[in-house]
Enquirer: 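Can you keep this structure in mind? I'll have questions shortly.
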Amino acid sequence: MKQHLLELKQTLKGELFFDDLMKSLYATDASVYRMLPLAVAYPKDNEDLKTLIQFAKKHQTSLIPRTAGTSLAGQCVGTGIVVDVSKHFNQILSFNETEKTITVQPGVVRDVLNNYLKPYGLFFGPNTSTSNRCMIGGMVGNNSSGTTSIQYGVTRDKVKNLHVILSDGSDAVFSEISKEEFHIKALQPTLEGHIYKTIYRELAPETVQTEIIKEFPKPEIHRRNTGYAIDKLIESDVFSFSDKRFNMCQLLSGSEGTLAFTTEITLYLDELPPKESALICLHFESIESCLQSVETVMHHDLHTCEMMDKTILDLTKHNKTQQENRQFVEGDPEAILMCEVRAHSEPDLKQQIQNLQEAITNLQLCYAQVVLQGDAINQAMELRKAGLGLLGNMIGDKKSAACIEDTAVAIPDLAHYISDFTKLMTSYNQKAIYYAHAGAGELHLRPILNLKQKEDVVLFRKITTDVAKLVKSYQGSMSGEHGDGIVRAEFIPLMIGDKNYEILKRIKSAFDPENILNPGKIVDAFPMDENLRYQPERVEPEIETILDFSASLGILREAEKCNGSGDCRKLPEFGGTMCPSYRATRNEKDTTRARANALREFLTTSNKANRFNHDELKDVFDLCVSCKACASECPSSVDVASLKAEFEYQYQKENGSSLRTKLFAYNNKLNAYGSRFPGVTNFMFSNEVTSTIIKKAVGIAPKRSLPLISSISLNKYIQNTLKEGNELHKIKTIYFFIDEFTNHLDSEIGQDALHLLHALNYDVKFIKHDESGRAFLSKGFLEQAKKVANKNVSIFSEVISETTPLIGIEPSAILTFRDEYIKLVDNKGAAKKLAKNCFLIEEFLQNEIILGNIKPGQFTTDSKIIKFHGHCHQKALSNQKTSFDMLNLPKNYRVTIIPSGCCGMAGSFGYETEHYEVSMQIGEQTLFPAVRKATEKTIISANGTSCRHQIKDGTNRVALHPVTILKQALL
């Protein structure tokens with residue numbers, strides 16, 4: 001087969017991969033399943049797709065369509081060729097504003113589409129929790145719904161027509177057609193004609209239609225994805241006396257790529273919702289009282305009606321991003337029901353709020369009604385959307401299992417159904433999780449199981465079976481929006497009846513007689529308790545690490561926290577920092593998810609004594625810039641920066657380190673030598689001839705400028721210039737951390753910081769200490785980093801306290817005390833205590849401003865406009881608002897934060913020849929354009945030494961540190 005794949009690779013215009021790394025990355029999606037594919041294809045155009053179809057037929061393999069890979073039911077895993085259309089099939093093809101329709105390729109991201117439509121006052125309504133990375137093709141395949149379905153319907157309702165390639169390689173366009181056109185098509189001697197003929201033959205008999213109506217979920221349940229939607233087809237004029245025209249798109253929506261390969265999708269659009277909005281967050285002391293309120297609130301014209309239970313709410317307490325989003329929560333509720341109302345005028349909105357509150361008050365079931373407006377709504381909804389990812393943040397092997405999470409019943413049945421469900425879970429000694437779309441009769445219900453244990457795998461099947469029977473008793477849908485996939489397809493015969501299931505099988509056969517399109521889903525399903533991500537009763541490998549991963553019960557479980565929800569595929573326009581390299585390359589290999597998956601794969605399957613010793617792992621971690629955004633932005637808080645540091649340490653134990661790696665790791669010592677003769681050093685670094693020789697010899701990108709050494713180190717400046725002041729009249733005493741970058745490269749900034757602190761009446765003390773160890777950490781020299789960390793903790797723990805904090809300038813250096821030191825040092829207690837009293841200088845000054853110790857009157861009244869870019873580590877471990885507040889202190893300073901992610905330099909990363917282009921691509925995402933748009937009078941500010949260097953190389957603008965700007969503003 002390898003030879004055939006090599007031939008296929010040569011034939012395709014796009015890419016084909018069949019190496020171990022790429023196959024392992026595509027072996028999973030966001031489900032509990034793992035199936036190693038034969039290969040992974042990135043087709044470039046329709047001809048590539050047809051080539052893949054012919055290959056699959058000839059070599060008796062299959063094609064598994066994939067976009068963002070966020071499927072929860074296992075739709076995107078299989079043993080054939082995974083066909084990822086996210087990279088090349090991502091264009092908006094045409095837009096008809098008058099008809100309110102748009103045609104897109106399947107790889108267009110849902111929120112990208114809506115950003116395009118916003119100026120026209122239109123949008124695509126279905127809104128999944130993954131909307132900033134999920135794609136329209138996946139939404140059609142799953143018939144996605146999301147929070148807005150109660151107002152705007154589901155994806156199936158929005159599909160006007162589909163351009164597809166059928167299983168024989170022929171093209172077809174499915175759209176709304178008349179009864180006459182249907183019968184004409186059924187006479188065609190083509191595969192398309194055969195499909196229409198089969199559909200008619202199967203669905204025309206009255207007895208068949210009676211059976212469908214009897215067995216399929218209740219029609220008032222608008223979220224129903226159980227099997228193929230033949231219940232929708234029989235509503236057309238071809239099979240009834242209705243005036244609805246037939247549209248095959250009704251069938252293909254929700255078919256999970258098992259019937260045809262979609263290449264173009266035309267959607268119906270809606271007008272944007274009314275601008276005035278409010279979110280009424282109803283707090284309940286029990287799940288029962290929450291659900292008993294749903295039918296009442298749904299009598300109001302709600303745009304969303306979402307629920308979160310205590311389990312989800314508690315998990316938000318441990319995620320930095322979500323901590324900020326949960327400020328509206330009052331007390332300790334068992335459940336919150338989030339009801340959104342919208343109006344075209346403020347008086348109308350107030351009336352709607354009042355009406356809803358009166359109705360809820362009369363029920364006397366909730367203990368608090370919190371009304372949110374403006375940005376607070378977005379924060380609360382982001383909290384709800386993070387639910388899935390947060391479930392991956394559960395420590396240990398017990399996780400929330402996606403198997404019964406997608407059931408939907410009619411709203412009047414919801415409270416009774418959940419009551420029965422809770423009794424069922426109690427019989428299994430389960431406290432299930434409840435969240436999501438209460439207003440649509442659908443809650444994402446999850447048992448907590450350890451699928452590494454055989455007994456819990458048995459429970460996995462038993463619970464799913466019993467819940468399927470319970471849902472059937474309410475004539476509900478086992479799948480509301482997530483699809484059947486592998487996990488629920490086995491239960492379709494139970495849910496729709498054996499006779500109807502046989503119809504589905506014959507329809508599948510008509511579309512795909514050789515079963516090459518995503519087999520094992522919907523019909524002839526793979527067993528739901530096989531091909532699991534974790535092999536039951538596997539022997540857990542014992543993996544010793546130098547970093548302490550005990551908070552996650554080891555490095556393997558740290559990697560396993562990734563559940564595949566794909567938040568790391570979010571694009572720059574949607575804010576945040578994660579994941580810079582994916583944003584540049586758009587390759588799955590460069591996502592946080594890929595790195596966690598690859599590490600999990602090789603740590604559990606490797607036969608080597610050192611399980612880290614794999615070039616595939618080196619490849620997948622290569623473009624990780626250790627920005628740490630994943631630790632705060634990933635709902636599961638997967639700390640890939642720490643995973644990379646540990647990997648590099650372990651890999652280098654077996655393979656050694658390059659000269660360049662050693663030079664970067666020991667750059668502090670090199671800079672110390674260079675600072676003895678700064679003039680000579682800087683001449684060599686800046687002279688075109690000598691700098692070219694140095695760059696070529698070391699492996700630094702030719703276009704990258706080299707950092708210059710300060711004329712005097714900060715240490716020497718302090719020894720030669722500064723004198724102790726009178727402590728008696730000082731506001732407070734602080735200790736100053738002289739990091740290695742400020743000491744040798746940015747001494748002037750350090751001097752500005754000291755002058756500023758003295759002028760503001762603080763007693764600044766110094767103590768001899770070691771470098772931060774940041775360079776050692778970034779290059780995987782963890783033994784050296786550990787020595788530094790132990791030494792610094794020993795030195796500072798004696799003098800640093802709540803009243804005498806440690807202050808630092810460079811985020812990547814001072815923030816190691818709050819992050820890596822705790823994972824490295826021997827005296828963990830001392831490190832944790834010290835970490836609580838170590839602050840970035842902006843954090844310290846912001847707090848002093850709040851206390852009233854620093855006032856605007858101490859600074860100029862001149863007007864300045866400032867644009868600020870924050871360091872990645874500040875964003876991940878602190879807050880950019882600290883810099884914002886500090887720079888806004890002068891009365892007439894106007895500061896804005898550039899909504900940039902990583903600058904792209906990332907320490908040594910941007911210097912390295914092979915990484916330079918990606919480094920600059922990252923900078924071009926948001927940062928460089930924002931700086932270029934700024935007027936010459938606008939002050940550009942950045943608090944990271946790498947960031948300032950990157951801005952200079954990328955835009956030729958000099959960025960100032962916030963302390964320099966504030967020092968210059970002193971009266």
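Atom set for the values below is all heavy atoms of this structure, side chains included, hydrogens, waters and symmetry mates excluded.
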Enquirer: Do Q874 and H871 pair up side chain to side chain, a donor and an acceptor below 3.5 Å, judged on atom types alone?
Expert: no
Enquirer: Yes or no on side-chain contact (heavy atoms from CB on, under 4.5 Å) for F741 and N668, after CA distance, side-chain angles and deciding distance?
Expert: CA-CA 8 Å; F741 310 104; N668 184 46; over 6 Å; no
Enquirer: Do you know the tightest heavy-atom contact between M578 and A629?
Expert: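 Where M578 meets A629 most closely, the heavy atoms are N-CB, 3.5 Å.
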Enquirer: For a quick check under 3.5 Å, do Q719 and K716 share a side-chain donor-acceptor pair by atom type?
Expert: no
Enquirer: Might you work through the side-chain hydrogen bond (donor to acceptor under 3.5 Å, both in side chains) test for Q650 and K653, ending with a clear yes or no?
Expert: CA-CA 5 Å; Q650 300 285 354; K653 280 201 303 185; 3.2 Å; yes
Enquirer: Once rounded to the nearest 0.5 Å, what's the spacing between atom CG of L927 and atom OG1 of T955?
Expert: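 If I round to the nearest 0.5 Å, the distance is 7.5 Å.
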Enquirer: Between K836 and E802, does the salt bridge (Lys or Arg N to Asp or Glu O under 4.0 Å) criterion hold? Intermediate values first, please.
Expert: CA-CA 8 Å; K836 292 178 181 177; E802 190 174 344; over 6 Å; no
Enquirer: Of the options E810, E740, E820, which is the one that meets R774 in a side-chain hydrogen bond (donor to acceptor under 3.5 Å, both in side chains)?
Expert: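 Of all the options given, the one that passes is E820.
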Enquirer: Is a donor on one side and an acceptor on the other found under 3.5 Å between the side chain of T964 and the backbone of L960?
Expert: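 No.
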Enquirer: Side chains of D763 and T733: donor-acceptor distance under 3.5 Å anywhere?
Expert: yes
Enquirer: Hey, what's the ring geometry for F796 with F817, parallel, tilted or perpendicular (30° and 60° as the breaks)?
Expert: perpendicular
Enquirer: Kindly give the heavy-atom pair with the smallest separation between I897 and Q880, and that separation in Å.
Expert: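 Heavy atoms of I897 and Q880 come nearest at CG2-OE1, 3.3 Å.
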Enquirer: Using a 4.5 Å cut-off on heavy atoms from C-beta on, say whether the side chain of S637 contacts that of P635.
Expert: no
Enquirer: Determine, for E843 against R818, whether the closest basic-nitrogen to carboxylate-oxygen distance falls under 4.0 angstrom.
Expert: yes
Enquirer: Heavy atoms, side chains only, cut-off 4.5 Å: are V799 and I767 in contact?
Expert: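 V799 vs I767: side chains touch.
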Enquirer: Would a 4.5 Å heavy-atom cut-off, applied to side chains only, mark L760 and N853 as touching?
Expert: no
Enquirer: Checking Y717 side chain against G750 main chain: does a donor-acceptor pair fall under 3.5 Å?
Expert: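 Pair absent, no side-chain N/O of Y717 close to backbone of G750.
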Enquirer: Drop me the distance from T860's OG1 to L889's CG, to the nearest 0.5 angstrom.
Expert: 11.5 Å
Enquirer: Is the backbone of V638 close enough, under 3.5 Å, to the side chain of S636 for a donor and an acceptor to pair up by distance?
Expert: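 Side chain of S636 to backbone of V638: no pair is present.
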Enquirer: Would you indicate whether the side-chain heavy atoms of I712 and N720 approach each other to under 4.5 Å?
Expert: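 With C-beta onward as the side chain, the pair touches.
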Enquirer: Give a yes or no on this: more than 12 heavy atoms of other residues, nucleotides or ligands lie within 6.0 Å of atom OH of Y673.
Expert: no
Enquirer: To the nearest 0.5 Å, what is the distance between CG (N888) and CD1 (I866)?
Expert: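 Nearest 0.5 Å value for the CG-CD1 distance: 7.5 Å.
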Enquirer: Would you say the side-chain atoms of R595 pair up with the backbone N or O of D590, donor to acceptor, closer than 3.5 Å?
Expert: yes
Enquirer: Before accepting this row, confirm whether a basic side-chain N of the pair D746/R948 lies closer than 4.0 Å to the acidic partner's carboxylate O.
Expert: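 Judged by the 4.0 Å cut-off on N to carboxylate O distance, D746 and R948 do form a salt bridge.
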Enquirer: Thinking salt bridges, do K570 and E633 make one under a 4.0 Å N-O criterion?
Expert: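 Yes, charged N to carboxylate O under 4.0 Å.
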Enquirer: Just checking Y651 against F612, ring centres under 6.0 Å apart?
Expert: no
Enquirer: State the CD-CG distance between E648 and L777, to the nearest 0.5 angstrom.
Expert: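 CG of L777 is found 10.5 Å from CD of E648.
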Enquirer: Taking S941 for its side chain and K867 for its backbone only, find out whether a donor-acceptor pair lies under 3.5 Å.
Expert: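 No, S941 side chain to K867 backbone: no donor-acceptor pair under 3.5 Å.
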Enquirer: Whether the side chain of T938 engages the backbone of A934 through a donor-acceptor N/O pair (distance < 3.5 Å, no angle test) should be reported.
Expert: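 Checked: no pair found.
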Enquirer: Just by modelled atom types, is the L547 backbone N or O under 3.5 Å from a matching donor or acceptor in the T545 side chain?
Expert: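 Pair found, side chain donor or acceptor close to backbone of L547.
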Enquirer: For I865, does the CD1 atom have more than 12 heavy-atom neighbours from other residues, nucleotides or ligands under 6.0 Å away?
Expert: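 Incorrect, the count does not exceed 12.
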Enquirer: Does some side-chain heavy atom of F736 sit less than 4.5 Å from a side-chain heavy atom of L754?
Expert: yes
Enquirer: Once you round to the nearest 0.5 Å, how far does CD1 of I543 lie from CG of L599?
Expert: 7.5 Å
Enquirer: Between the side chains of D826 and K786, is the shortest nitrogen-to-carboxylate-oxygen separation below 4.0 Å, so that they form an ion pair?
Expert: yes
Enquirer: Are K317 and D314 ion-paired here, with the side-chain N under 4.0 Å from a carboxylate O?
Expert: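 Salt bridge between K317 and D314, a charged N being under 4.0 Å from a carboxylate O: yes.
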Enquirer: Assess whether atom NZ of K828 is packed by more than 12 heavy atoms of other residues, nucleotides or ligands within 6.0 Å.
Expert: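 More than 12 within 6.0 Å, yes.
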Enquirer: For Y911 and H949, what are the C-alpha separation, side-chain angles and deciding distance, and is it a side-chain hydrogen bond (donor to acceptor under 3.5 Å, both in side chains)?
Expert: CA-CA 10 Å; Y911 289 95; H949 197 132; 3.0 Å; yes
Enquirer: Any heavy-atom pair between the side chains of K855 and I849 that's under 4.5 Å?
Expert: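 No, too far: nothing below the 4.5 Å cut-off.
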Enquirer: Heavy atoms only: give me the nearest L553-G396 pair and the separation to one decimal.
Expert: CD1-CA, 3.6 Å
Enquirer: Checking side-chain contact (heavy atoms from CB on, under 4.5 Å) between K628 and each of L877, L815, V640, which is the one that passes?
Expert: L877
Enquirer: For a quick test of reading the model, state the closest non-hydrogen atom pair linking S919 to G904 and the distance between them.
Expert: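 Nearest pair, atom of S919 first, then G904: OG-O, 2.7 Å.
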Enquirer: Check whether the side chains of S642 and K823 place a donor and an acceptor atom closer than 3.5 Å, and report yes or no.
Expert: yes
Enquirer: To the nearest 0.5 Å, tell me how far E324 CD sits from Q327 CD.
Expert: 8.0 Å
Enquirer: Apply side-chain hydrogen bond (donor to acceptor under 3.5 Å, both in side chains) to D885 and Q846, showing your working.
Expert: CA-CA 6 Å; D885 288 351; Q846 182 200 44; 2.8 Å; yes
Enquirer: Can you find a heavy atom in the side chain of N847 that is under 4.5 Å from one in the side chain of T882?
Expert: no
Enquirer: Tell me, with the steps shown, if H744 and N667 meet side-chain hydrogen bond (donor to acceptor under 3.5 Å, both in side chains).
Expert: CA-CA 10 Å; H744 295 302; N667 79 88; over 6 Å; no
Enquirer: Ignoring hydrogens, what is the shortest heavy-atom contact between E558 and L643? Give both atom names and the distance.
Expert: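 Shortest heavy-atom contact: CG-CD2, 3.8 Å.
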Enquirer: When you compare the side chains of D819 and H873, does any donor N or O come within less than 3.5 Å of an acceptor on the partner?
Expert: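 Result is no, nothing qualifies.
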Enquirer: Indicate whether any N or O donor in one side chain lies under 3.5 Å from an N or O acceptor in the other, for N715 and S713.
Expert: no
Enquirer: Taking only Lys NZ, Arg NE, NH1 and NH2, and the carboxylate oxygens of Asp or Glu, determine whether K967 and D752 approach each other closer than 4.0 Å.
Expert: yes
Enquirer: With side-chain contact (heavy atoms from CB on, under 4.5 Å) as the test, would you mind laying out the steps for F909 and C624 before giving the verdict?
Expert: CA-CA 9 Å; F909 180 86; C624 173; over 6 Å; no
Enquirer: Ignoring hydrogens and angles, tell me if any N or O in the side chain of E798 forms a donor-acceptor pair with the backbone of I795 under 3.5 Å.
Expert: no
Enquirer: Please report the shortest heavy-atom distance between S900 and H869, naming the atom on each side.
Expert: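 Looking at all heavy atoms of both residues, the closest pair is OG-ND1, 2.6 Å.
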Enquirer: Between R704 and D953, is any pair of side-chain heavy atoms under 4.5 Å apart?
Expert: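 Contact flag for R704/D953 side chains = yes.
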Enquirer: Can you check whether I922's main-chain N or O pairs, donor with acceptor, with R583's side chain at less than 3.5 Å?
Expert: no
Enquirer: Any sub-3.5 Å donor-acceptor pair from K875's side-chain atoms to G901's backbone N or O?
Expert: yes
